[in-house]
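Worksheet: the structure to be examined is printed underneath.
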Amino acid sequence: MPSHLVAPSLLAADFTQLQSEIEMFNASSADWLHYDTMDGQFVPNLSLGLGMLKAVRKMTTKPIDAHLMIERPERHIEAFRDAGADQITVHQEACTHLHRVIQQIKATGAKAGVAINPATPVSSIFDVLEEVDIILIMSVNPGFGGQKFIYRAINKIEALKSEMMTRNLNPHIVVDGGVGLQNAQKILQAGANVLVAGSAVFKASDPSEAIRQLKDVGHEIAHWA
Ligand code: DX5
Ligand code: ZN
């Protein structure tokens, strides 16, 4: 069975208990900490910035997966790397020169990712597939946690996985937004290998158990395997 990764999204954590939330994450079977930065421009909301990232970096040794929902992210790539991001994902829609921004991320030593919104076709990133370590498919419109999964994302994952197999490429396929036990198996069967989960982890009565259950979701019958 191919193994998959689980990346809890810190956005849904209780910030009054940040240290214990991250201690829970550290002790759990979670793989990456997903870190959502919003600028109030690319998305309507504002969220986690660089100061918070520096603090979080001191509290975990697991990879920090920065998801930049910001316009013109090329202005801030080095700052996110310096603050502690191991992986930096930018939106296709936010970059005029996406290829260049990907090279900029890689030059910092971070893993480079590209994200697409629900209304953006997967074909829009086909010309950078060889360049990236991570592809993030948004399954909600970015900006807020706790939204409903947009089912069309499943078709997009399948189309992406199929293109990747044709070209013999293997970047991570990350799915973000409305992910939980109710749809995790379908997402993995479609070809994704990383589940981002905010509410499904941090709003659960037992977050580390929620992580364990997401890690245990089976996908033996993946059609692409
Ligand atoms: C949404 C963020 C997500 C969010 C997911 O814009 O990119 O990472 O935290 O939260 P849930 O899992 O609650 O949809
Ligand atoms: Zn995210």
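Both counts, for ligands and for their atoms, begin at 1 and track the order of listing.
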Query - Contact check: M38 vs ligand 1, nitrogen or oxygen atoms, below 3.5 angstrom - result: no
**Report entry** Nearest heavy atoms of G178 and V140, plus distance in Å
**Finding:** N-CG1, 3.9 Å
Query raised in the report: When you measure from the Zn ion (ligand 2) to each N, O or S atom of D36, which atom gives the shortest distance?
Result: OD1
Report summary line: The closest protein heavy-atom partner of atom 11 (P) of ligand 1 is G146 N, 3.6 Å
**Report entry** Nearest protein heavy atom with distance in Å, relative to atom 6 (O) of ligand 1
**Finding:** G143 N, 2.8 Å
Report task. Please say whether L11 places an N or O atom under 3.5 Å from an N or O atom belonging to ligand 1. Result -> no
Query raised in the report: Hey, is E74 close enough to R100 for a salt bridge, meaning N to O under 4.0 Å?
Result: no
Query raised in the report: Where do A159 and F126 come nearest, in terms of heavy atoms and distance?
Result: O-CZ, 4.4 Å
Query raised in the report: Quick one: does S47's side chain have a donor or acceptor within less than 3.5 Å of a partner on M38's backbone?
Result: yes
Query raised in the report: Can you name the N, O or S atom of D176 that is closest to the Zn ion (ligand 2)?
Result: OD2
Query raised in the report: With respect to the Zn ion (ligand 2), what is the nearest N, O or S atom of H67?
Result: ND1
Requested in this report: Among all protein heavy atoms, pick out the one at the shortest distance from atom 12 (O) of ligand 1; state its residue, atom name and that distance to 0.1 Å.
Outcome: G198 N, 2.8 Å
Query - Salt bridge present between D31 and K215 (N-O < 4.0 angstrom) - result: yes
**Report entry** H91/F42 aromatic ring centres below 6.0 Å
**Finding:** yes
Requested in this report: Output the list of atoms in ligand 1 that are nearer than 4.0 Å to some heavy atom of S199, sorted by atom number.
Outcome: 11 (P), 12 (O), 13 (O)
Query raised in the report: What is the nearest protein non-hydrogen atom to atom 10 (O) of ligand 1, stated with its residue, atom name and distance?
Result: G145 CA, 3.6 Å
Query raised in the report: Which residue owns the protein heavy atom closest to atom 5 (C) of ligand 1, what's the atom, and how far is it?
Result: D176 OD1, 3.6 Å
